[in-house]
Undergrad: 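Okay, handing you the structure first.
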Amino acid sequence: MTDSLPARVHRAQRDEARDACEELRAVLAVEGIVLPSLGVEDSSVFTGETLVQLGGASPTVVSGIAFALDVGFSVIRAGRGAGSVVQVLRTPDVGALVVDTRADRVGEYRATDESGRFVLAPPAGGDLWTADPGDVHAATRNDVARAEAARQTARSNRRWAG
């Protein structure tokens, strides 16, 4: 028996939240910073979102985090120019799912065109489009579940139309 789409989305959100916790925990550990209450909060009954609970921290820990963020953002801003949106993404692997935030679409990365824009394809098939790399980020597990639902819907529609 397969899981329902809501169950798969919920599981994807929890996995994404757990991964985010572990990523933050590892980054902070390099500097000896520990957030003892860092963990995953149960889904909200009202929004359905799974949240990361950062918890309480001493002023020393919070100052260390603020300093690390300030230094990191300064380096990024210096490389991108003043006033730019901070968005860092390496060129995705061909076929990787990404999100075009300007178009609010999930797409598969296909190539980078001659102007430096990413060429994307809808996961369920359709016309290619291009996106500015600054408007694109790697797909989250929730985005992947959304794309899979679109693929299944398209497959089902083709079966009924044919």
Undergrad: Taking the side chain from Asp15 and the backbone from Ala12, do they hold a donor-acceptor pair closer than 3.5 Å?
TA: no
Undergrad: Ignoring hydrogens, what is the shortest heavy-atom contact between Leu128 and Arg110? Give both atom names and the distance.
TA: CD2-NH1, 4.1 Å
Undergrad: When you compare the side chain of Ile65 with that of Leu35, does any pair of heavy atoms fall below 4.5 Å?
TA: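 The answer is yes; the side chains approach within 4.5 Å.
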Undergrad: Between Thr91 and Tyr109, is there a side-chain heavy-atom distance shorter than 4.5 Å?
TA: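 Contact flag for Tyr109/Thr91 side chains = yes.
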Undergrad: Walk me through it: do Leu38 and Val52 pass the test side-chain contact (heavy atoms from CB on, under 4.5 Å)?
TA: CA-CA 7 Å; Leu38 182 62; Val52 173; 3.8 Å; yes
Undergrad: Would you indicate whether the side-chain heavy atoms of Leu24 and Leu54 approach each other to under 4.5 Å?
TA: yes
Undergrad: Following the transitive rule for hydrophobic clusters with a side-chain heavy-atom cut-off under 4.5 Å over Ile, Leu, Val, Met, Phe, Trp and Tyr, establish whether Val94 and Val144 coincide in one cluster.
TA: no
Undergrad: Under the side chain to side chain donor-acceptor pair (under 3.5 Å) test, which residues partner Ser115, sequence neighbours left out?
TA: Asp113
Undergrad: How far apart are the closest heavy atoms of Pro123 and Ala147, and which atoms are they?
TA: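 Heavy atoms of Pro123 and Ala147 come nearest at CG-CB, 3.8 Å.
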Undergrad: Could you report the tightest heavy-atom contact between Asp127 and Arg105, atom names first, then the distance?
TA: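 Of all heavy-atom pairs spanning Asp127 and Arg105, the closest is O-NH2, 4.4 Å.
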Undergrad: Is Arg102 atom CZ crowded by more than 12 heavy atoms from other residues, nucleotides or ligands, each under 6.0 Å away?
TA: no
Undergrad: Rounded to the nearest 0.5 Å, how far apart are OG1 of Thr101 and CG of Asp135?
TA: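 It comes to 4.5 Å.
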Undergrad: Looking at Thr153 and Ala149, would you say the former's side chain and the latter's main chain have a donor-acceptor pair under 3.5 Å?
TA: yes
Undergrad: Which heavy atom of Gly116 sits nearest to which heavy atom of Pro133, and what is that distance?
TA: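 Heavy atoms only, the tightest pair is O-CG, 3.2 Å.
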Undergrad: So Glu108 and Leu97, do their side chains get closer than 4.5 Å, heavy atoms only?
TA: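 In short, these two side chains touch, coming nearer than 4.5 Å.
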Undergrad: Give me the atom names and distance for the closest heavy-atom approach of Pro36 to Gly56.
TA: CD-O, 4.3 Å
Undergrad: Flag the pair Val99 / Val136 as yes when at least one side-chain heavy-atom distance between them is below 4.5 Å, and no otherwise.
TA: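 Heavy-atom side-chain distance check fails, nothing below 4.5 Å.
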Undergrad: Arg18 versus Arg14: any side-chain heavy-atom pair under 4.5 Å?
TA: yes
Undergrad: Side-chain contact, heavy-atom cut-off 4.5 Å: Val98 with Phe118?
TA: no
